[in-house]
Amino acid sequence: MQKAQVHVSSVSNTCAPGNVTGASNNFVPESALDGQQFMPSSSALGLEILYESCKQVYPHQPNPLQVTAFIKYWLGGPDPLDYISMYDHPGIPELHIPPHWHYISFGLTDLHGDGRVHEPSGPEFPSGFGFELTFRLAKKSGEATSPPTWPAALLQALAKYVFHTGNSFFAGDHVSWHCPLDGSDFECRLQHMLLAEDLLLPPVQGPLGSVKFLQVVAVTEEELQISQHWNGTSVLELLRRVPSAGGPWLVADMQRQLSLFELQPSFRREVEHGIDRDGCSLSGVSARCHWEERRVTSKTGSAWRSPEDEEEDDDSSSQEDEEDEPEAAAGKATLGRHRPTPTDSESTSGEIWPIRRLYKGVHLTLNLEAASLLPVVLRGRLRHDRHFTFKAVAGETAVTLLTGRVGGALASPSAPLVAKGPWLQILVDSEWLAKLESDLACLQQPEGLVVPKTFCWFDRQMALTVVPDEL
């Protein structure tokens, strides 16, 4: 599971299904404190704040069922969430809210304030990562007292990603998962997630900092794609208007077989109008992303070659290239762990990266899922003079597409291909934008594309190769 935050809101599932669908040996269900009322100690100030927030919503359930980490994270256990409480909500039929289970995490924020997990901050700052995760699951018959535990394991998997990467979630973000969220074998349509504010749990302020509650919302492939094309917040509002798609409280029904736009075809017109009006709010994704400075010739488009082959090719032609463009001999991009922003001047190791104009040209490689977003990027981002960044899942490589009206850019009309270490900026003018929209329209139906496939723009000294998601 990956997510890069250069205003990035895409997460990909790389967890093994068993880590998602079932509790690990360290992660076991229990009734809170063996049947005793769940009361945190006076020293666990963050835990007390969360408990009081839950008590306001569920005053008659002081002892909710819980899934708990048997060995806590701060004692060397693998699971960063200390607890996930599972509350029983009876539903509100007149508001089209079905009976459901309400899962609430404990551990993404600072529970103890003593530095055992999170660096202490203070009341004026976010507590820990600043949020806890929740999930709502519609009840099935026979689940009167036994909630499924797979949502707790799902929240734990998301928390592991946050702890591993240091990246936070925000309302409107999307999570690309590519398998049934409950791990079932049947054709479940709900295989991805959006993040929303939990309407029953407003933000709270405590002595250890502020806490928000973000609800994980199960969505279909089409709903995920529309959130990428437009924005997650607007798709969430559409879901709230259709009871069978989640309704006002966005309750997940894992039996749902129709997407929002199959249930309400008229919503497609709203989406098209919204994209034209608002553009796309997605400003970046994590991807299998690689770029090389190299001359783009007729041979470039014949077939995709590995980065190693390209380096060998560059070495064999380096003398000719250096004679033509002596300034281009500064070397290729290096890889590492950098999250680029317009103000960055150093790598994470402290190395100063010079800004280089790439005279030879650039060969960019993207995996199919990331490349399929390019029509969206062109229409919803560059057409609205907004930038977009592909950030490599591993390493420091990043590629930003932008127009001349984006402030703070390194690339310019006179230097459209510019690199700063492993960060590549590509300036797209209006003429090339129209050409790209035409040439890359086939990526709107990625399932029909034979990959690897290379696109070349010789007049721009630019090539793009799209490779399979799994090599």
Side-chain angles (χ1 to χ4, degrees), residues 9-11 91-98 100 135-138 140 171-182 184 186-197 199 215-282 285 368-381 383-384 437-438 440-449:
S9 48
S10 175
V11 185
I92 309 176
E94 60 271 25
L95 297 181
H96 304 289
I97 297 168
H100 63 273
F135 187 81
R136 297 178 186 275
L137 177 67
K140 295 180 182 178
D173 281 359
H174 70 264
V175 180
S176 178
W177 204 250
H178 298 292
C179 66
L181 300 185
D182 60 358
S184 60
F186 82 99
E187 292 297 320
C188 176
R189 294 285 299 275
L190 302 182
Q191 299 193 10
H192 306 282
M193 295 165 271
L194 296 178
L195 277 297
E197 295 178 357
L199 296 183
Q215 181 178 339
V216 176
V217 181
V219 296
T220 66
E221 178 80 19
E222 185 178 20
E223 292 154 7
L224 172 78
Q225 290 176 351
I226 296 300
S227 71
Q228 293 172 330
H229 295 193
W230 188 15
N231 63 76
T233 301
S234 296
V235 173
L236 289 167
E237 289 308 309
L238 295 179
L239 289 168
R240 293 185 192 276
R241 289 160 55 182
V242 181
S244 56
W249 288 4
L250 302 169
V251 178
D253 179 359
M254 301 308 293
Q255 306 298 317
R256 175 159 71 99
Q257 289 297 306
L258 297 177
S259 78
L260 173 66
F261 304 99
E262 292 167 331
L263 292 167
Q264 292 289 340
S266 63
F267 282 180
R268 297 185 190 276
R269 292 194 297 273
E270 290 190 42
V271 169
E272 290 300 311
H273 176 68
I275 294 174
D276 289 335
R277 180 190 64 231
D278 306 329
C280 171
S281 66
L282 182 65
V285 294
L368 181 58
E369 183 179 4
S372 67
L373 290 175
L374 282 169
V376 179
V377 172
L378 300 174
R379 177 189 178 188
R381 298 294 298 179
R383 281 287 175 196
H384 292 259
E437 287 177 323
S438 174
L440 300 178
C442 59
L443 292 173
Q444 296 181 49
Q445 287 83 38
E447 63 279 356
L449 195 68

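Just so you know, these numbers come straight off a predicted model, no measurement behind them.
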Q.
For a quick test of reading the model, state the closest non-hydrogen atom pair linking Glu197 to Ala171 and the distance between them.
A. CG-CB, 3.9 Å

Q.
If you define the side chain from C-beta out and look only at heavy atoms, does anything of Trp249 sit under 4.5 Å from Ile92?
A. yes

Q. Taking it one step at a time, do Leu250 and Arg136 satisfy side chain to side chain contact (heavy atoms under 4.5 Å, CB included)?
A. CA-CA 7 Å; Leu250 302 169; Arg136 297 178 186 275; 6.0 Å; no

**Q.** With Phe267, the side chain to side chain contact (heavy atoms under 4.5 Å, CB included) member among Leu260, Ile226, Leu239, Val235
**A.** Leu260

Q. Of Glu369, Gln191, Gln225, which is the lone residue that meets side chain to side chain donor-acceptor pair (under 3.5 Å) with Ser176?
A. Glu369

Q: Identify the two heavy atoms, one from Ala138 and one from Val251, that lie closest to each other, and give their separation to 0.1 Å.
A: N-CG1, 3.5 Å

**Q.** Listed partners of Arg277 passing side-chain contact (heavy atoms from CB on, under 4.5 Å), at least two apart
**A.** Trp230, His273

Q) Hey, what do you get for OG (Ser259) to CD (Gln264), rounding to the nearest 0.5 Å? A) 10.5 Å

Q) When rounded to the nearest 0.5 angstrom, what distance separates SG in Cys188 from CD in Gln255? A) 8.0 Å

Q: Would you check if there is a donor-acceptor pair between the side chains of Asp182 and Ser184 at a distance under 3.5 Å?
A: yes

Q: To the nearest 0.5 Å, tell me how far Thr233 OG1 sits from Leu194 CG.
A: 9.0 Å

(Q) I'd like to check Val175 versus Leu195 (side-chain heavy atoms, cut-off strictly below 4.5 Å). Are they in contact? (A) yes

Q. After noting the C-alpha distance and the side-chain angles of Arg268 and Glu222, does the key distance pass the salt bridge (Lys or Arg N to Asp or Glu O under 4.0 Å) rule?
A. CA-CA 11 Å; Arg268 297 185 190 276; Glu222 185 178 20; 2.5 Å; yes

Q. Would you call Leu449 and Cys442 a side-chain contact if the rule is heavy atoms closer than 4.5 Å?
A. yes

Q. Does any non-hydrogen side-chain atom of Leu238 lie less than 4.5 Å from one of Val271?
A. yes

Q. Measuring from Arg241:CZ to His96:NE2, what's the distance to the nearest 0.5 Å?
A. 13.5 Å

Q: Mind checking side-chain hydrogen bond (donor to acceptor under 3.5 Å, both in side chains) for Arg379 and listing every partner two or more places apart, or none if nothing turns up?
A: Glu272, Asp276

Q: Indicate yes or no for a side-chain donor-acceptor contact from His100 to the backbone of Leu137 under 3.5 Å, with no hydrogens or angles considered.
A: no

Q) Would a 4.5 Å heavy-atom cut-off, applied to side chains only, mark Leu282 and His174 as touching? A) yes

**Q.** Closest non-hydrogen atom pair between Pro375 and Leu440, with its separation
**A.** CG-O, 3.5 Å

Q.
Could you measure the distance from the CG atom of Asn231 to the CG atom of Leu236? Nearest 0.5 Å is fine.
A. 9.0 Å

Q. Which pairs count as salt bridge (charged side-chain N to carboxylate O under 4.0 Å, His left out) when at least one residue sits in residues 226-239, sequence neighbours excluded?
A. Glu237-Arg240

Q) Taking all atoms of both residues into account, what is the closest heavy-atom pair of His229 and Val376, and its distance? A) CD2-CG2, 2.9 Å

Q: Would you mind reporting whether Val219 and Leu190 have side-chain heavy atoms less than 4.5 Å apart?
A: no

Q: State, with a plain yes or no, whether a side-chain heavy atom of Gln257 is found less than 4.5 Å away from one of Glu262.
A: no

Q. Charged N to carboxylate O below 4.0 Å: is that the case for Arg189 and Glu223?
A. no

Q: Can you measure from SG (Cys280) to CD (Gln228) and round to the nearest 0.5 angstrom?
A: 8.0 Å

